[in-house]
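I'd like to ask you about the structure that follows.
All ligand and atom numbering here is 1-based and tracks the order in the structure. For clarity, every value in this text was computed on a predicted model and none was experimentally measured.
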Amino acid sequence: MNKDDGGSRLPWWAAALIGVVAGAVALGVAQLAAGLTNASASPVIAVGGAVVDRTPPALKDWAIRNFGSNDKLVLISGIVVVLALIAAGLGVISRRRIGYGMTGLLLFGLVGAGAAATRPDSGPFDILPSLIGVGAGAWALSLLFRRVESNDWDDLPEEYPAAAGTSAWTTDPEHPARDTDEGEPDPNEQDGNEPVPQPAEMPPVMRAGDDLYTFDRRRLLTGVAVGVGVAGVAGFGGRLLGASKDVDLARRTVAKTLPRPAVAAKPIPAGADLHLKDLSPFITPNRDFYRVDTALVVPSVDPTDWTLKIHGLVDKPVELTFDDLLRRPLMEADVTLTCVSNDVGGPYVGNARWLGARLADVLRDAGIRSGADMLLSVSQDGFTCGTPVDVVMDGRDALLAVAMNGEVLPAAHGFPVRQVVPGLYGYVSATKWITEIKVTRFDQDEAYWTPRGWSPLGPIKTESRIDVPRDGDAVPHGPTIIAGVAWAQHKGISAVEVQVDGGEWREAKLAAVNGPDTWRQWSIETDLAPGKRVITVRATDASGYTQTPNYAPPAPDGATGHHAIGVLVG
Ligand SMILES: Nc1nc2c(c(=O)[nH]1)N[C@H]1C(S)=C(S)[C@@H](COP(=O)(O)O)O[C@H]1N2
Ligand SMILES: [Mo]
């Protein structure tokens with residue numbers, strides 16, 4: 001064991017390795033404890049969540065742009081790399097005094113516990129995974145140091161071999177791996193022929209001090225392997241335990257009792273889907289539907305104890321259970337969701353058939369007081385949306401949705417209940433895992449994205465996108481089908497035009513739709529001459545507005561500009 005006087009003489013890299021392994025054990029065990037209790041109480045997830053909420057908006061936009069839906073994976077990987085470096089540092093300072101490393105581990109455990117305890121959806125037991133992890137990490141740290149260090153003279157045989165001329169480095173039967181032909185410079189070997197005194201020739205007290213210092217690589221490697229194994233099994237087990245098996249079961253149960261719609265969606269006309277290869281289908285399958293949220297683990301909400309509280313500026317606060325909600329007349333509606341972060345031509349848009357209770361009716365039961373202009377909806381994980389009251393009450397199909405495309409709401413899309421409001425970007429309307437609606441005023445409350453640089457109001461801007469051909473495709477010359485989607489939710493698309501190389505705008509054919517709240521496919525056949533061609537699209541909505549060519553980035557209230565692609569015509 002390393003001594004407080006003078007500390008350990010373990011090579012720094014070995015100490016760093018021990019630190020990393022101890023850190024891995026700490027995280028693995030914490031993950032296991034979180035898996036057994038609450039998956040989002042894992043210190044990495046909790047710290048990650050805290051980082052997400054505190055990330056400057058510009059950095060978050062950059063991350064979404066560059067990593068897309070992998071942004072969460074990149075964040076978690078980044079946290080793990082930083083933690084590994086810190087753990088290595090803790091290992092190195094543990095050479096001086098193991099207490100330093102222990103203290104460092106404890107501090108990081110407290111950071112993890114603090115983050116877990118202060119997440120919006122956390123409970124008092126959420127500090128446990130971090131603390132249990134720290135305990136396991138500290139134990140691993142001291143065990144590994146003790147394991148590989150043998151400069152503890154208590155470990156030495158009573159009469160240590162004093163055979164003259166034989167190096168003590170090679171005669172200890174307990175430590176056969178210690179011979180130095182592994183590239184480790186032998187501290188006793190010197191360039192000259194002058195032999196330095198061998199440890200065995202020295203007085204015992206000196207042997208015990210410097211040159212008898214032994215460091216057992218084999219014990220290090222086996223210790224590291226066991227530590228990594230423990231960390232891996234615990235961490236992986238924790239992930240499996242924490243996975244959404246509760247939610248899967250709950251979803252299957254709900255599926256058995258999901259009521260039929262009292263009001264069916266308007267049928268989708270035959271011509272709504274042109275069925276062209278690479279063209280976004282009219283209905284986006286759930287598995288392909290984009291996902292955007294701040295949750296690092298998908299919140300798991302039990303519908304049997306879920307309630308929706310409606311309070312604030314209301315005559316009569318209401319608390320609905322899931323059964324209460326299902327007993328209301330449910331209606332179906334086809335609505336295209338769009339993310340405000342979707343850049344021109346971007347992928348964060350999808351169309352689905354939703355089934356749910358009318359939000360306006362539920363609010364009417366509570367009685368909205370005059371002066372209220374905002375619905376601050378709150379998710380299980382603390383995320384909030386601010387939705388204008390007048391938009392929700394104007395008769396459009398604003399829903400508390402329980403199903404998506406004929407299937408119980410997928411966990412990632414808000415199970416058991418989410419909001420869907422046609423015409424508003426998701427960040428101001430589409431609260432997943434909703435548990436609460438506070439009826440309030442925009443001048444009194446702020447939703448999640450507002451202090452992060454996004455506009456409090458988020459009506460969807462009219463947009464169009466070319467899906468076929470793809471940007472950069474090589475296409476044969478002659479007649480070519482160009483096709484895509486356009487959306488102006490709750491207004492409706494009335495025209496789409498296409499332009500080649502800045503020439504005249506030609507009107508595309510619009511596919512049929514069953515209402516103004518979905519995107520609309522379009523197509524046009526053009527003759528493309530050989531060479532590099534730029535194809536541009538613009539849409540006009542039913543209010544008569546034609547998309548501006550002026551580019552604006554997504555922040556603060558949605559991108560504008562024409563989508564253009566380049567193709568090589570051969
Ligand atoms: N609880 C919660 N709901 C949320 C969000 C979130 O971060 N947390 N993101 C919103 C945003 S920005 C969008 S665009 C939509 C996306 O819904 P989807 O993931 O089902 O496509 O969800 C909205 N609802
Ligand atoms: Mo969004």
Next on the checklist: Which heavy atom of His562 sits nearest to which heavy atom of Val537, and what is that distance?
Outcome noted: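 Heavy-atom minimum between the residues: CB-O, 3.5 Å.
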Checklist entry - Among protein heavy atoms, which sits nearest to atom 13 (C) of ligand 1, and what does the distance come to when rounded to 0.1 Å? => result Gly426 CA, 3.7 Å
Checklist entry - Any idea which protein heavy atom is nearest atom 22 (O) of ligand 1, and the distance to it? => result Arg418 NH2, 3.5 Å
Checklist outcome for this item: re atom 3 (N) of ligand 1, the protein heavy-atom contact at minimum distance is Lys432 N, 3.0 Å
Checklist entry - Do Arg291 and ligand 1 have an N or O pair less than 3.5 Å apart? => result no
Checklist entry - For atom 2 (C) of ligand 1, which of Trp454, Tyr427, Phe383, Tyr348 has the closest heavy atom? => result Phe383
Checklist entry - Under 3.5 Å, is there a donor-acceptor pair linking the side chains of Glu319 and Thr307? => result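 Judged by distance alone, the side chains do pair up.
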Next on the checklist: Any nitrogen or oxygen of Trp433 lying under 3.5 Å from a nitrogen or oxygen in ligand 1? Just yes or no.
Outcome noted: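 No - when backbone and side-chain N and O of Trp433 are compared with those of ligand 1, no distance drops under 3.5 Å.
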Checklist entry - Counting only N and O atoms by type, is there a donor-acceptor contact under 3.5 Å from the side chain of Asp394 to the main-chain atoms of Arg396? => result yes
Checklist entry - Would you call the rings of Phe289 and His413 parallel, tilted or perpendicular if under 30° counts as parallel and over 60° as perpendicular? => result perpendicular
Item to check | Shortest heavy-atom approach to atom 1 (N) of ligand 1 - which of Ser429, Gly382, Ala412, Ser379 | outcome: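 Selected option, by shortest heavy-atom distance: Ser379.
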Checklist entry - Where is the nearest protein heavy atom to atom 24 (N) of ligand 1: which residue, which atom, and how far? => result Ala430 O, 3.0 Å
Next on the checklist: Any carboxylate oxygen within less than 4.0 angstrom of a Lys/Arg side-chain nitrogen, looking at Glu497 and Arg538?
Outcome noted: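 Answer for the salt bridge query: yes.
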Next on the checklist: Below the 3.5 angstrom mark, is there an N/O of Asp293, backbone or side chain, next to an N/O of ligand 1?
Outcome noted: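 Asp293 vs ligand 1: no N/O contact under 3.5 Å.
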Checklist entry - Which residue, Asp126, Asp53, Asp381, forms the salt bridge (charged side-chain N to carboxylate O under 4.0 Å, His left out) with Arg119? => result Asp53
Checklist entry - Could you give the distance from OH (Tyr448) to OG1 (Thr431), rounded to the nearest 0.5 Å? => result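 One finds 13.0 Å between OH of Tyr448 and OG1 of Thr431.
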